[in-house]
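For reference, the structure discussed in these notes is given below.
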Amino acid sequence: DGGITQSPKYLFRKEGQNVTLSCEQNLNHDAMYWYRQDPGQGLRLIYYSQIVNDFQKGDIAEGYSVSREKKESFPLTVTSAQKNPTAFYLCASSMAGALGPSGNTIYFGEGSWLTVV
Amino acid sequence: AQKITQTQPGMFVQEKEAVTLDCTYDTSDPSYGLFWYKQPSSGEMIFLIYQGSYDQQNATEGRYSLNFQKARKSANLVISASQLGDSAMYFCAMREVAGAYKYIFGTGTRLKVLA
């Protein structure tokens, strides 16, 4: 089945460590996104990518890095520079370009819970 | 600037009754899309319904309908015949055609369906 796979589901990070969250999609979508969600809060955009080998900062990119070497993959690295990384991370993808009949609906993975210990 | 506002942090509804979740938006782009998502306690974001700014009719998907009032810049979600499984967080989102491919989300409304 087509979809977005995030791994791991749960991740614990020690102070000063970098960790990488995996995101893979087989929907043949051009655009991919990373969002952060804090308890009881909405989604905030970290990074997004419209095409392979290109990505842009979102609203809260500091302390995070991404790569887009393949269309299907958009891993997120939470670096030691991110001072408060404990949150729920959602990866998403969509068709790029102008809104089509379905609005280029954005679809999400099941999310990854990151906790600093 | 693009903005989504959901003013109801929490809502209660009796099982089998209808409920309306409010969403207002702000954009200067004449072409945009509006979306609603459901987030159960498991965390996954489930797409419910989409409305395009040029669509003449309100969108419907099963028990979900979108009450789109363009002049008021509102896109309220109506859930008919509420079920216990509808208890979840609900997010309204928007994407403009112009500019970057960014989807902006509201802060969400937590719905609790009572038996």
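This is a predicted model, so every value here is computed, not measured. Numbers restart at 1 for each chain; the letters A, B, ... are given by sequence-line order, proteins then strands.
- Neither the backbone nor the side chain of A:Gln6 comes within less than 4.5 Å of any heavy atom of chain B.
- One N or O on the side chain of B:Trp36 and one on the backbone of B:Ala75 form a donor-acceptor pair closer than 3.5 Å.
- Checking side-chain atoms of B:Asn67 against main-chain N and O of B:Asn76 turns up no donor-acceptor pair under 3.5 Å.
- Contact annotation for B:Ser53: neither backbone nor side-chain heavy atoms come within less than 4.5 Å of a heavy atom of chain A.
- Here A:Arg68 does not pair with A:Asp54 in a salt bridge; the nearest charged N to carboxylate O distance is not below 4.0 Å.
- Heavy-atom distances place no part of B:Gln6 under 4.5 Å from chain A, backbone and side chain included.
- Between A:Tyr35 and B:Tyr103, the ring center distance fails the sub-6.0 Å criterion.
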